[in-house]
There are 2 protein chains.
Amino acid sequence: MKAVPEVDRSVSQTVKAQLALRDQILAGSLRPGERISELQAVETTGASRTPVRMALVRLEEEGLLEAIPSGGFMVKAFSERDISDSIELRGTLEGLAARFAAERGVSARELEPLKECLAAIDELLRQVPISIEAFSSYVTLNARFHALLTELSRSPPLIRQIDRASALPFASPSGFVMAQSALPEAQQILIIGQEHHRVVIDAIENREGARAEAIMREHARLAVRNLRLALRNRTHLDLLPALALTKTATD
Amino acid sequence: MKAVPEVDRSVSQTVKAQLALRDQILAGSLRPGERISELQAVETTGASRTPVRMALVRLEEEGLLEAIPSGGFMVKAFSERDISDSIELRGTLEGLAARFAAERGVSARELEPLKECLAAIDELLRQVPISIEAFSSYVTLNARFHALLTELSRSPPLIRQIDRASALPFASPSGFVMAQSALPEAQQILIIGQEHHRVVIDAIENREGARAEAIMREHARLAVRNLRLALRNRTHLDLLPALALTKTATD
DNA sequence: TGTATTCGTTATGTATACAATAGCGGGGAC
DNA sequence: GTCCCCGCTATTGTATACATAACGAATACA
């Protein structure tokens with residue numbers, strides 16, 4: 001780094017490169033199927049080749065990249081079924097987390113942040129129709145709710161696995177909720193989702209593991225229906241460029 | 001590589017280092033909690049520092065290593081609950097795979113290899129009591145059965161996730177079956193396991209998704225009971241050195 | 001004109017040199 | 001005698017140079 005001496009030393013070059021590349025993929029400036037040039041990545045991230053390569057390996061393990069047999073990496077492409085499977089997969093994992101939380105018991109104090117999330121989302125949903133900005137807040141709050149719920153399982157292996165499953169952006173139900181936010185059905189879907197959130201908290205409080213698990217899986221099925229709906233109405237799908245999906249990805 | 005000119009060029013140094021390090025961890029020559037010295041890894045693997053570091057990153061993402069905040073990696077340590085959670089987690093994932101297989105339908109031809117596995121295991125179980133060598137074959141066959149079953153889901157994201165969940169050696173039910181192979185209950189457990197295998201094939205054939213899923217989860221719960229049993233009777237636990245677990249790992 | 005072979009360029013895989021930081025030990029002072 | 005500070009050493013993080021393999025283009029031959 002002689003051309004750009006002012007390097008941010010507070011975060012490692014590897015992490016910096018990883019975040020930068022992930023942003024590029026998620027923002028869509030790197031298209032699915034496209035080969036990633038290390039040299040180009042070096043230029044755009046500002047890190048040197050070694051940390052860039054480390055970041056590429058991490059992103060491959062994360063599932064965003066795919067190794068090319070002859071060498072190098074390409075942005076992974078996903079079929080519609082890959083995405084719906086990922087959503088259902090995540091829901092199944094979250095169902096297990098909810099069951100663990102219910103069976104192992106959580107204190108009222110631990111449920112407090114969940115309920116705050118719930119209330120904040122309720123507040124947002126009072127708007128009719130919901131503005132785009134509110135939808136954006138919803139996505140953040142919803143992600144927070146799911147992360148908190150996952151934590152309640154107190155199971156590091158499970159939390160780890162859910163984190164991995166959530167790395168794929170479309171695995172998150174709210175992603176597609178946002179993608180179709182202008183659809184009239186959207187708000188109704190969000191309200192149903194809130195109902196699910198309420199039920200899962202109640203089930204965990206009452207230590208009903210099976211019910212807690214069932215509702216999270218139902219929640220995921222709602223997200224899958226949501227996805228199908230969004231894909232039928234191609235509108236607003238371009239809000240999430242990374243989701244540009246290929247029909248023939250893995251079939 | 002001037003000191004050791006005869007390098008095996010058929011496989012990349014990175015992969016070679018990754019396999020070598022994983023073997024060392026699984027064989028127990030690197031103990032849980034122990035810091036991994038890059039320099040030492042360079043000596044034992046024969047690769048240079050760059051591929052070794054790549055391998056370390058991969059193994060961290062795989063879950064066998066843990067990053068140390070101040071730098072470097074250490075072998076991850078697991079608590080008893082971590083292990084039982086991992087088994088249940090894997091069972092849940094395999095349950096989903098079985099359900100997908102049942103719902104999406106598989107041809108009789110695709111079920112053939114599964115049935116062959118089943119028959120081969122039946123053959124082994126006819127021995128009373130089972131020899132250690134037969135147990136070893138059982139572990140291989142059982143792993144094959146589970147891998148084939150996973151494939152039937154035809155869901156790349158799910159298969160990928162199950163592979164990740166299986167990377168931790170103890171997440172595999174058969175690992176602990178073997179660990180306690182000398183226990184009188186062991187053979188009975190294997191026989192029950194076979195019954196599960198039979199039921200899941202039947203459920204998939206008849207396209208009963210819910211039943212297929214339920215039996216795989218039941219199968220995992222059997223493995224958890226199996227684990228508990230093995231841990232009570234500390235005998236033969238040293239057959240799997242990598243399983244040396246720490247009570248305070250993640251609590 | 002089409003195909004095959006060869007050469008050149010480019011990009012990846014590997015090795016090593018350099019830099020920076022964290023941990024540890026010794027020495028000094030209170 | 002104990003505690004703190006300074007310096008050294010060892011190990012990690014980063015950068016770059018080198019080797020090798022793959023892709024493409026151009027030319028020659030059929």
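Note: hydrogens, waters and symmetry copies are ignored here, and every other heavy atom, side chains too, is used.
Salt bridge A:Lys16/A:Asp23: absent, no basic N to carboxylate O contact under 4.0 Å.
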- Message: I'd like to compare against my own output: the B/S/- annotation of nucleotides 6-13 of chain D with a strict under-4.0 Å heavy-atom distance to protein.
- Response: -----SBB
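The phosphate of C:dT14 (OP1 or OP2) has no side-chain N or O of B:Thr50 nearer than 4.0 angstrom.
One can place CD of A:Glu60 at 10 Å from P of C:dG13, the figure rounded to the nearest angstrom.
Partners of B:Phe100 under the ring pair (Phe, Tyr, Trp, His ring centres under 6.0 Å) rule, at least two apart in sequence or in another chain, do not exist in this structure.
Rounded to the nearest 0.5 angstrom, A:Leu148 CG and A:Cys117 SG are separated by 5.5 Å.
Pairing each heavy atom of B:Ser84 with each of B:Arg228, the nearest pair is OG-NH2, 3.9 Å.
B:Gln18 is not listed as a side-chain neighbour of B:Pro51, based on a closest heavy-atom distance of 4.5 Å or more.
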